[in-house]
Amino acid sequence: MCGKNVRAGEYLCSSCEAKVIRIAPPFCEICSEPFEGSITSAFTCANCAHRTIYFDGAVAAYRGRGIVREVIHEFKYGRQIYLRHLVARWLRAALDDERLRDVSLDVIVPVPSHPARKRERGFNQASLLAELLSAQTSIPSKPMLERIRYTTTQTALDRSERMENLHNAFRLRKKADVRGLRVLLIDDVLTTGSTLSECARVLKRAGALSVHAATAARA
Ligand SMILES: [Zn+2]
Ligand SMILES: [Zn+2]
């Protein structure tokens, strides 16, 4: 993002690239939250304990801080749509992670944004990412969900407020059929996992066999 010495075909210079933080184990097996220290057994973080999570696992390969956060912000709000290729590369790393590599997937479903927000932004970031991932993997991408409530921004809310805010915010699109399908949900950033969980709840209630999630970054 510094715009210096960027090689052709790349988006970041080598010093910015070095600041992209890969999430390394140990991390929460449900939401990828990294954990300091050494834990060898399976581990669930405080964010995921004591709540019902509807997805089968969410993987993010990169920490959504610093340069990663900046790039995603520019992509979403700064109309720098070309940055989708870099964000999709981070997303691809999540799909190639050992937790997702061997999972069978039938369809990629982007987390939808509300029509009003999509209008103001001109695109839905998750759809753009889902299309790129679909082209790379040959797994079809289908917008199976729609957002029916304009939720206020989640940023200032805590976990239970987020869940309340999201309740019934999504529904299956008319004519969408997920029965018996193994779904990969796509979004740019995983924060608490509430959005992904709410989408997974709707998909499973509609008959999806499994719902995994991949995001480009973990906030
Ligand atoms: Zn740079
Ligand atoms: Zn967790």
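Along the sequence shown, the residues carry numbers beginning at 1. Just so you know, ligand 1 is whichever comes first in the structure, and atom 1 is the first atom listed for that ligand.
Neighbours of the Zn ion (ligand 2) restricted to protein N, O or S atoms under 2.8 Å: the count is 4.
Residue Leu133 is grouped with residue Val59 when hydrophobic side chains (ILVMFWY) are merged at heavy-atom distances under 4.5 angstrom, including chains of intermediate members. Both Leu91 and Val20 are members of a single hydrophobic cluster when ILVMFWY side chains are connected at heavy-atom separations under 4.5 Å.
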Could you walk me through whether Leu196 and Val211 pass the side chain to side chain contact (heavy atoms under 4.5 Å, CB included) check?
CA-CA 9 Å; Leu196 293 169; Val211 180; over 6 Å; no
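In this structure, Arg101 does not pair ionically with Asp96, as no charged nitrogen and carboxylate oxygen lie closer than 4.0 Å. Salt bridge Arg89/Glu10: present, at least one basic N to carboxylate O contact under 4.0 Å.
Residue pairs satisfying the salt bridge (charged side-chain N to carboxylate O under 4.0 Å, His left out) criterion with at least one member in residues 122-146, sequence neighbours excluded, are listed as follows: Glu146-Arg171.
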